[in-house]
Amino acid sequence: VLSGFTIRDGATVAPIYIGGGIFISGSSPTIEHDLIEGNVGETGAGIGVLGGAPVIKFNTIEDNISPYNDNGYGGGIYLGALPGAPSGAAQIISNRIIDNSSDQGAAIGMNSGGFPLILDNTITDNRANYDGGAFTDINLSAPSFIQNLIVRNSAAEGTALFLDANVPLLIAVNNTIAQNISVSPACGKCSGATIYEEFAPAAFYNNLIIGPAGTTVLRCVSVNPPPPATDRANDVIAWSGAVAEGTCPIIVSQDGNFSADPLLAPNFHLLPSSAAANTGDNAAPLLPALDFAGRARIFDGTVDLGVFETS
């Protein structure tokens, strides 16, 4: 157990170049109640993980930098594979992952990262030069992305989530995704979509997904044939932009999906008259017992959308 430490001003070193602040390889420590800030490195500037099943919880992971050299990956946390070892199963729970930067996956970057649980995290103000302002997932990873507050991140593509080739299935349940914005480096094909999927099926349940004005919320490329329509009870908002482009399976007005102003308070709680209250799917996989604030996840019979339950 590593608890109560400040880990600052670390850097990755040759020949691994993973884990500027903390490097975990094939093991399963608990990293909790630490401040991990101001570290640098090509991959996983804050925390770099190869395999194992570490528990990373109740930490503040901020201001870590994977330099913009076209190879920076996982500014806050990187999850990868350890050759010859079983797939990883990290748990990333109740962390504040803020103000990190990278070329890809500014908050969290995954490459063959196994089957992690990413639950109850505040993921804000992270900056990716190319893709995945909050999260980039490539190559044989199957994360469960549950009840995270994902706001004010930026990237050229996938300002919140970027899902690339060979990702078996991402499951996203009761996340609030809002105010993520597009930046414009030398990337002619980038659209600034909030969520980008390429050859990467995903299943979304009970999420609030709100795109900025004039941009596409969901962009799917070469998801062909499209995955089954397992996307249920999401509120997807495009302010003067497109809800979806390509072969995205979310269809507004089907399977409980809709597009209506959720009436969010400044702290991202739902206002009492919100259309997103009592409209979720109680049978969503991995639905937590408690909401983001620690209250009962289901109040008044039906789960609300997003991270907070009204009461």
Side-chain angles (χ1 to χ4, degrees), residues 1-2 12 15-32 36 41-57 59 61 66 71-95 97 102 104-121 123 131-132 134-148 158 161-173 175 195-205 223 227-228 230 284-288:
V1 176
L2 182 68
T12 56
I16 303 297
Y17 295 111
I18 298 174
I22 297 172
F23 177 46
I24 301 167
S25 180
S27 59
S28 303
T30 296
I31 310 296
E32 63 180 11
I36 303 163
E42 184 172 300
T43 304
I47 302 174
V49 179
L50 296 181
V55 177
I56 301 169
K57 62 181 182 179
N59 303 285
I61 303 167
S66 292
N71 294 311
Y73 198 88
I77 300 173
Y78 171 76
L79 303 176
L82 185 65
S87 296
Q91 298 181 54
I92 301 173
I93 302 171
S94 297
N95 301 282
I97 308 173
S102 184
Q104 300 174 284
I108 303 172
M110 290 182 59
N111 186 349
S112 302
F115 303 90
L117 172 65
I118 302 170
L119 168 69
D120 279 348
N121 299 282
I123 304 174
D131 57 67
F135 182 69
T136 290
D137 183 8
I138 63 175
N139 293 332
L140 302 177
S141 304
S144 297
F145 220 82
I146 313 297
Q147 201 167 261
N148 300 281
L161 309 180
F162 183 93
L163 312 177
D164 205 346
N166 300 317
V167 177
L169 181 66
L170 176 140
I171 297 175
V173 179
N175 300 283
I195 297 174
Y196 178 93
E197 300 177 45
E198 183 170 356
F199 297 105
F204 290 88
Y205 299 81
V223 182
T230 53
L286 303 176
L287 185 69

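Heavy-atom basis, side chains included; hydrogens, waters and symmetry copies ignored. We number each residue from 1, following the sequence as shown.
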Does the S102 side chain pair with the main chain of G72, one donor and one acceptor, at a distance under 3.5 Å?
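Looks like yes, one N/O pair under 3.5 Å.
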Has N121 got a side-chain atom pairing as donor or acceptor with N148's backbone, closer than 3.5 angstrom?
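Judged by distance alone, no pair lies under 3.5 Å.
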Going by side chain to side chain contact (heavy atoms under 4.5 Å, CB included), name the residues that satisfy it together with [X], two or more places apart in sequence or in a different chain.
{"X": "L82", "result": "S25, L50, A85"}
{"X": "S28", "result": "A53"}
{"X": "Y17", "result": "T12, A14, E42"}
{"X": "P86", "result": "none"}

Please report the closest heavy-atom contact between [X] and [Y], naming both atoms and the distance.
{"X": "T136", "Y": "G105", "answer": "OG1-N, 3.1 Å"}
{"X": "P54", "Y": "G52", "answer": "CD-C, 3.4 Å"}
{"X": "Y205", "Y": "A203", "answer": "CE1-CB, 3.8 Å"}
{"X": "G75", "Y": "S66", "answer": "CA-OG, 3.7 Å"}
{"X": "I138", "Y": "S141", "answer": "O-OG, 3.6 Å"}
{"X": "G51", "Y": "V49", "answer": "O-CG1, 3.4 Å"}

Please round to the nearest 0.5 Å and tell me the distance separating atom [atom1] of [X] and atom [atom2] of [Y].
{"X": "I118", "Y": "M110", "atom1": "CD1", "atom2": "CE", "answer": "6.0 Å"}
{"X": "E32", "Y": "S94", "atom1": "CD", "atom2": "OG", "answer": "11.5 Å"}
{"X": "I97", "Y": "I36", "atom1": "CD1", "atom2": "CD1", "answer": "9.5 Å"}

Those residues that, when tested against N59, pass side-chain hydrogen bond (donor to acceptor under 3.5 Å, both in side chains) (two or more places apart)
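Testing N59 for side-chain hydrogen bond (donor to acceptor under 3.5 Å, both in side chains), a comparison that skips the adjacent residues, returns N95.
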Any pair counted as side chain to side chain donor-acceptor pair (under 3.5 Å), so long as it reaches residues 105-120, sequence neighbours left out:
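Listed once each, the pairs are N111-N139, D120-Q147.
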With side chains defined as the heavy atoms from C-beta onward, is the minimum distance between [X] and [Y] less than 4.5 Å?
{"X": "T30", "Y": "K57", "value": "yes"}
{"X": "Y196", "Y": "D131", "value": "no"}
{"X": "P29", "Y": "L2", "value": "no"}
{"X": "L286", "Y": "L119", "value": "no"}
{"X": "F135", "Y": "I123", "value": "no"}

Relative to the ring of Y73, is the ring of Y78 parallel (under 30°), tilted (30 to 60°) or perpendicular (over 60°)?
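The arrangement is perpendicular - the two ring planes meet at more than 60°.
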